Amino acid sequence: MYICENNGWAMSTPAQEVSAGRSFARRGEAYGILYKTIDGNDVEEVFDNVRAAITMVLHGEAPTLLECRTWRVKGHSRSDQNLYRDKMLEQEWLASDPLQRLRAEILQRKEATAADVEAVEAKVRQHIGAALEKCRQLPPAPAQTAFEKVYAPAYPAAKAAPASAAVEQKAYWQAIQEALCEALDRDERYFIFGEDVAEYGGCFKVTRGMLKRYGKGRIVNTPVSEAGIIGLAVGAAMGGLRPVAEIMFMDFILLAADQLCNHAAKLHYIYNGQVKVPLVVRTPMGGYRGYGATHSQCFDSLLMKVPGLRVVTPWSPRDAKGLLRTCLAGDDPVVFVEHKALYGTIGPVPTTDEYLPLGQAAIVREGKDITLCANSYMVSLCLQAAELLAREGVQAEIVDLRCLAPLDRDTVAKSAAKTQALVIVEEGPLTLGLGAEIAASVQELAFGYLDAPILRVAAADTPVPSAPELERAVLPSVEKIAATVRRALATRG
Amino acid sequence: MLFHDEMIDPFQACQAFASASAVDADLQVRLYTLMLKCRRAEERAAELAETREVGCPVHLYLGQEAVSAGVCTALKTEDQVFGTHRSHGHFLCKGGGLRPLFAELLGKATGCARGRGGSMHLIDTSCGIPGTTPIVAASIPMAAGAALANKMKKNGLVAVAFFGDGATEEGVFHETMVMAAIWDLPVVFICENNFYASHLPLKDRRKRDNLADAGKPYSIPSARIDGNNVLEVHRYARAAVEHARSGRGPSFLECRTYRWRGHVGPAWEWNLGIRKREEVEEWLARCPIRALEQQLLAQKLMREEDMTALRQKIDEEIEDALAFARQSPYPAMDTLLRHVYVER
């Protein structure tokens, strides 16, 4: 049931100047939504209509839209001096003040005497005054609480399979699907929500076959409405469900940036932990496919800058499953960033259930000469570069960050302290990227150990072009990583 | 009254016009030529995608040609059209060349976007194609913005937004409809309802099959038309363009058509469990080009042999364009950092 309070003004702009059509309410017509415009200053009319609307909604008639015409008595906010409104119009509306109207109505119908009404008014005034006085006497919130409740606390304890555990070879997409299916099997609050996720199985086929297993009630195709997808998922999460939303390409997450960054990420904090938004948004990033500027971007490091969001960027099938299980079990909004180039890669996944901890990097290759720090698909490139360098007698150590928020700065710093040299590899553009953050952190934590300048390999600061030649030139490559390592080591003398 | 009254509906006038007048013979042949060019060029592009010679994603417009041909022929060269990820047809019908199109598909320096764009980002500013955008619905505000510029510059030009049925589900569609309506912008919204957004059928995304009502809440004149009937598309587009050009504001056309192939790539996608073979075959039988062919023959505006000759000529142009694209160099590496920002 939607209630549109049409108070006639958008801050200082009159509604009729910026609205098309005969009324707001009529917009319901195009969507099969029942609509009505009512006098929002007549509380009895509002009450009766809302009661009718509730009945209709409860009987599954349709959503309803009530446009209540009312008036904002004061300016928009404290700084608004309310100088732009026609005084005549203002007087007219003030004369139809909803309180005065109800008061007059009650007295006329002799439902109460003037003395009764005044007594109620006095009681309310006294109540507000007392509350205000009480609040004034309260101490201000202690400063340290500003750092609390950015994230919800509940995560399952980390549980990694022992090295001796049996493994199966699984594709990255399959590992992700297994984690999703486990959640859906275990708990009916989980559901999959996104464009093309049902029959088609998602743009990159991660949810293929799940419709048959779980039905349309839990594998839900949505319209092409990214803001709506994330927005509704936030609402569903606040309403006690555990939505797993899919955004077809990470580029499209910008269409939902408000719902994700201004709402999902902040509600738990703003309301001091009273609400939780247990939401996982899965989305694939990355180039190397000729998709061009609007379908190739990596916004993983952009989202790192939004406190309240978890940003997880698995490289291996094992991590994809173990980290997703943890994200699904947790209570925070998570952007689970997959990579288009990794969906088909195959790797060992333990047969026992793992909960891999967020914010813990992994050493995926040991070496003594230089540390390569990367995430997602860049780990694959680093491994190839390390093979190349090994033939030149350089042993590179590779740190897979796995998760960007929280960020495991210590593991990188320890590795860099050991090898005394660090190259950071990321797929997003260079400026103010992941590399900048890691480089700053490592020089804070391990300055005395470094024997070479920290260097970065990243995409050029350009949009990603489509032509294969150009795309190769812009994005990181094995050759670029190897060359940067050589450059770092050359400064060692 | 707080709100605008309903505006004059250009399509009511159009209906009278449509029944009274015919599209002249030359224009019918031109429409046929344009549609055939789109069809043959895309069938060739599909082959190149199959053999992976074209590496970028290719969203084929096969089956929808009547919409772009009918609309673009109602426009002046300088009028702007904004397209989508599925815009080969818009590009060719508005005046874009086969050579720059094929070169762009192959990622060559002679492509319309110098290889930077690929199939989804087509441009030719010399004939009113300021760019196509593959982010769903983004063509809608940009066309309205171009219309705003036209209005402010008083240049008498009209902007057109092409978009699919799925684009009406994005918030920016609704935001733009309001602004286009309140400022009477010279813009025409062409919604190509091909009944699928990627692989999602319209019936799963919309409560009622009433897309043509989408303009009504904003008092934007709207009509539902047969998007496979190029003459009907053209007549309605002409009415809408005239309405816009004369300063009476936006209008909305739901052109009902069908995407023959899959969402992306050359596959027919018979067996994905998304759409029934009978449904596809039904639409194949309603081929917009064949329909016009029959009319042209019946009216004796063209003979079979004229059509064969035309097809041959178009195929030659396509092979020429492909050869040109193949011979063209890849973009030079030293151009890589250019045009990230405006150079002065």
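If you're wondering where the values come from, they're calculated on a predicted model, not measured in any experiment. To find a chain, count down the sequence lines: A is the first, B the second, and so on, and within it residues start at 1.
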Go through A/Leu470 and B/Arg116 one step at a time and tell me if the side chain to side chain contact (heavy atoms under 4.5 Å, CB included) criterion holds. CA-CA 7 Å; A/Leu470 293 179; B/Arg116 291 178 168 206; 3.9 Å; yes

Scanning both residues in full, the closest heavy-atom pair of B/Asn210 with A/Ala30 reads ND2-O, 3.1 Å

Honestly, the part of B/His174 sitting under 4.5 Å from a heavy atom of chain A is side chain

Bottom line for A/Ile33: the part with an atom under 4.5 Å from chain B's heavy atoms is neither

To the nearest 0.5 Å, atom CZ of A/Arg472 lies from atom CG of B/Leu336 at 12.5 Å

Closest non-hydrogen atoms of B/His121 and A/Tyr291, given as atom of the first, atom of the second and distance, are CE1-O, 4.0 Å

When the 4.5 angstrom heavy-atom criterion is applied to A/Tyr31 and chain B, the contacting part is both

Highest number of heavy-atom pairs under 4.5 Å with chain A among B/Asp213, B/Leu211, B/Thr335, B/Val178 belongs to B/Val178

Checked A/Ala473, A/Pro14, A/Gly290, A/Ser466 vs chain B; the most non-hydrogen pairs under 4.5 Å come from A/Ser466

If you tally heavy-atom pairs under 4.5 Å between each of B/Ala167, B/Pro57, B/Cys56 and chain A, the highest tally belongs to B/Pro57

_Candidate pair A/Glu199 and B/Leu272, rule side chain to side chain contact (heavy atoms under 4.5 Å, CB included), full reasoning_ = CA-CA 8 Å; A/Glu199 288 86 354; B/Leu272 282 181; over 6 Å; no

Ranking B/Gly215, B/Ala138, B/Ser198, B/Gly273 by heavy-atom pairs under 4.5 Å to chain A gives rank one to B/Ser198

With chain A, the option among B/Pro217, B/Ala214, B/Ala197 that has the most non-hydrogen atom pairs under 4.5 Å is B/Pro217

Most heavy-atom pairs under 4.5 Å with chain A, out of B/Gly107, B/Pro134, B/Ser119, belong to B/Pro134

Describe, in one word, how the ring planes of B/His199 and A/Tyr200 are oriented to each other, choosing from parallel (under 30°), tilted (30 to 60°) and perpendicular (over 60°). parallel

Closest non-hydrogen contact found for B/Glu169 with A/Ser225 is O-OG, 2.7 Å

To the nearest 0.5 Å, atom CH2 of B/Trp183 lies from atom CD of A/Glu17 at 9.0 Å

If we ignore angles and hydrogens, is there a donor and acceptor under 3.5 Å between the side chains of B/His85 and A/Thr294? no

Separation between CG (A/Asn221) and CG (B/Leu200), nearest 0.5 Å, reads 4.0 Å

When the 4.5 angstrom heavy-atom criterion is applied to B/Ile274 and chain A, the contacting part is side chain

Highest number of heavy-atom pairs under 4.5 Å with chain B among A/Ala293, A/Pro223, A/Pro463 belongs to A/Pro223

Max heavy-atom pairs within cutoff under 4.5 Å with chain B, candidates A/Glu226, A/Met248, A/Glu471, A/Arg289, goes to A/Glu226

Rounded to the nearest 0.5 Å, the CD atom of A/Glu29 sits from the NZ atom of B/Lys216 at a distance of 6.5 Å

Honestly, the part of B/Arg206 sitting under 4.5 Å from a heavy atom of chain A is side chain

